[in-house]
Participant: 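Just dropping this structure here.
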Amino acid sequence: MTVLRGASISLRPTVREDIPILASIRATPEVRARWRGGDDLEADIAADLEDPDTRCLTIDHQQRVIGMIQWYAEEDPDYRHAGIDLFLDPTVHGRGLGTDAVRTLACHLIDDHGYHRLVIDPAADNTAAIRCYTKVGFRPVGIMRQYERGADGTWHDGLLMDLLATELVR
């Protein structure tokens, strides 16, 4: 895969050399609260890179690694779609870089891979992420009750959002 270029970011295949910086971003309290992980975040990211069903892309901004965006595919012809997930360094939150990354990947998945539908599933209380995804054209589908277990052991709701190719805000 070639490098994908957005308005301010670029997305490139994640390589092993990216793991330490991505692990340090995942270790920040703001990201860790949403992405969690085990005691060895480098091993968690390495496992993601080895997963044949997950495509990991490093997000670069001004020649600096600022996060990672992943996608997966459901290829059954009757249910074909792709899903997206990402994390960003908290020092760049609020600058539109997440929106740029999601839009860039969404364009690639629709234009180059032919997906007609994309999904994303932020925590229901993650208003910043929901606002980001809405700017790209994702719409709420519904609340997934007690969808994921938090670090404190309690269950939290998730919001299923989807985007049809015709709704993509370019």
Participant: Verify the neighbour count for atom CG of Asp39: are there more than 12 heavy atoms of other residues, nucleotides or ligands below 6.0 Å?
Facilitator: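 No, the 6.0 Å shell around CG holds no more than 12 heavy atoms from other groups.
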Participant: If I compare all heavy atoms of Asp44 with all of Gly38, which pair ends up nearest, and what's the gap?
Facilitator: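 For Asp44 and Gly38, the tightest heavy-atom pair comes out as OD2-N, 2.8 Å.
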Participant: Kindly work out whether a path of hydrophobic side-chain contacts (I/L/V/M/F/W/Y, heavy atoms less than 4.5 Å apart) joins Leu41 to Ile25.
Facilitator: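 In one cluster: no.
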Participant: Can you name the closest pair of heavy atoms from Val31 and Leu88 and give their distance?
Facilitator: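 Minimum heavy-atom separation between Val31 and Leu88: CG2-O, 3.4 Å.
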Participant: Using 0.5 Å steps for rounding, measure from the CG atom of Leu4 to the CD1 atom of Ile59.
Facilitator: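 Here the interatomic distance stands at 11.0 Å.
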Participant: Could you walk me through whether Val3 and Leu11 pass the side-chain contact (heavy atoms from CB on, under 4.5 Å) check?
Facilitator: CA-CA 6 Å; Val3 173; Leu11 307 178; over 6 Å; no
Participant: What pair of heavy atoms forms the shortest contact from Ala123 to Ile130, and how long is it?
Facilitator: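 Closest approach of Ala123 to Ile130: O-CD1, 3.8 Å.
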Participant: Going by an N to O cut-off under 4.0 Å, is there a salt bridge joining Glu74 and Arg80?
Facilitator: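 Salt bridge: no.
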Participant: Closest heavy-atom contact between Ala73 and Tyr115?
Facilitator: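 It is CB-OH, 3.0 Å.
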Participant: For Phe87, enumerate each residue passing the ring pair (Phe, Tyr, Trp, His ring centres under 6.0 Å) test, keeping only those at least two apart in sequence or located in another chain.
Facilitator: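 Trp35.
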Participant: How about Asp60 and Val65: do any of their side-chain heavy atoms sit closer than 4.5 Å?
Facilitator: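 Yes, close enough: below the 4.5 Å cut-off.
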Participant: Taking Arg103 for its side chain and Val169 for its backbone only, find out whether a donor-acceptor pair lies under 3.5 Å.
Facilitator: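 Yes, Arg103 side chain to Val169 backbone: donor-acceptor pair under 3.5 Å.
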Participant: What pairs meet the salt bridge (Lys or Arg N to Asp or Glu O under 4.0 Å) rule with one or both residues in residues 121-134, with sequence neighbours excluded?
Facilitator: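 Salt bridge (Lys or Arg N to Asp or Glu O under 4.0 Å) check on residues 121-134 returns Arg34-Asp125.
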Participant: Taking C-beta and beyond as the side chain, do Val136 and Leu168 meet within less than 4.5 Å on heavy atoms?
Facilitator: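 Heavy-atom side-chain distance check passes, below 4.5 Å.
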Participant: Taking Phe138 as the fixed residue, which of Ile120, Leu160, Leu164, Val119 is the one that meets the side chain to side chain contact (heavy atoms under 4.5 Å, CB included) rule?
Facilitator: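 Running side chain to side chain contact (heavy atoms under 4.5 Å, CB included) over Ile120, Leu160, Leu164, Val119 with Phe138 returns exactly one hit, Ile120.
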Participant: Give the C-alpha distance, both sets of side-chain angles, the deciding distance and a yes or no for side-chain contact (heavy atoms from CB on, under 4.5 Å) between Asp18 and Arg12.
Facilitator: CA-CA 11 Å; Asp18 295 327; Arg12 59 175 173 77; 2.7 Å; yes
Participant: What pair of heavy atoms forms the shortest contact from Arg32 to Gly37, and how long is it?
Facilitator: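 Heavy atoms only, the tightest pair is NH2-O, 3.4 Å.
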Participant: Hey, quick one: are Met68 and Ile21 part of the same hydrophobic cluster, counting side-chain heavy atoms closer than 4.5 Å, chains of contacts allowed?
Facilitator: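 Both belong to a single hydrophobic cluster.
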Participant: Going by the rule side-chain hydrogen bond (donor to acceptor under 3.5 Å, both in side chains), which residues pair with Asp89 if we only count those two or more places apart in sequence or in a different chain?
Facilitator: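 In terms of side-chain hydrogen bond (donor to acceptor under 3.5 Å, both in side chains), with neighbours along the sequence ignored, Asp89 is linked to Arg64, Thr91.
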Participant: Work out which heavy atom in Ile45 is nearest to a heavy atom in Ala23; give both atom names and the distance.
Facilitator: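 Taking every non-hydrogen atom into account, CD1-N, 3.4 Å.
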Participant: Given 3.5 Å as the limit, does a donor-acceptor pair link the side chain of Asp157 with the main chain of Ile143, or not?
Facilitator: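 Here the side-chain-to-backbone pair does not exist.
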Participant: Given side chains that start at C-beta, do those of Leu159 and Tyr147 come closer than 4.5 Å, heavy atoms only?
Facilitator: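 Leu159 does not reach Tyr147 side chain to side chain.
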Participant: Can a donor-acceptor pair be found, under 3.5 Å and without considering hydrogens, that links the side chain of Asp100 to the backbone of Ile9?
Facilitator: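 Yes; at least one donor-acceptor contact below 3.5 Å.
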Participant: With no hydrogens and no angle check, is any side-chain donor or acceptor of Asp162 less than 3.5 Å from a backbone partner on Val141?
Facilitator: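 Absent.
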Participant: Measuring from Leu118:CG to Leu105:CG, what's the distance to the nearest 0.5 Å?
Facilitator: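 Rounded to the nearest 0.5 Å, the CG-CG separation comes to 8.0 Å.
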Participant: Okay, side chain of Thr14, backbone of Thr58: is any donor-acceptor separation there less than 3.5 Å?
Facilitator: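 Here the side-chain-to-backbone pair exists.
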Participant: Testing Ile84, Thr99, Leu86 one by one against Tyr133 for a side chain to side chain contact (heavy atoms under 4.5 Å, CB included), which residue passes?
Facilitator: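 Among the candidates, only Leu86 passes.
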Participant: Short question: side chain of Arg170, backbone of Cys107 - any donor-acceptor pair under 3.5 Å?
Facilitator: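 No, the answer is negative, given that no donor and acceptor are paired below the 3.5 Å cut-off.
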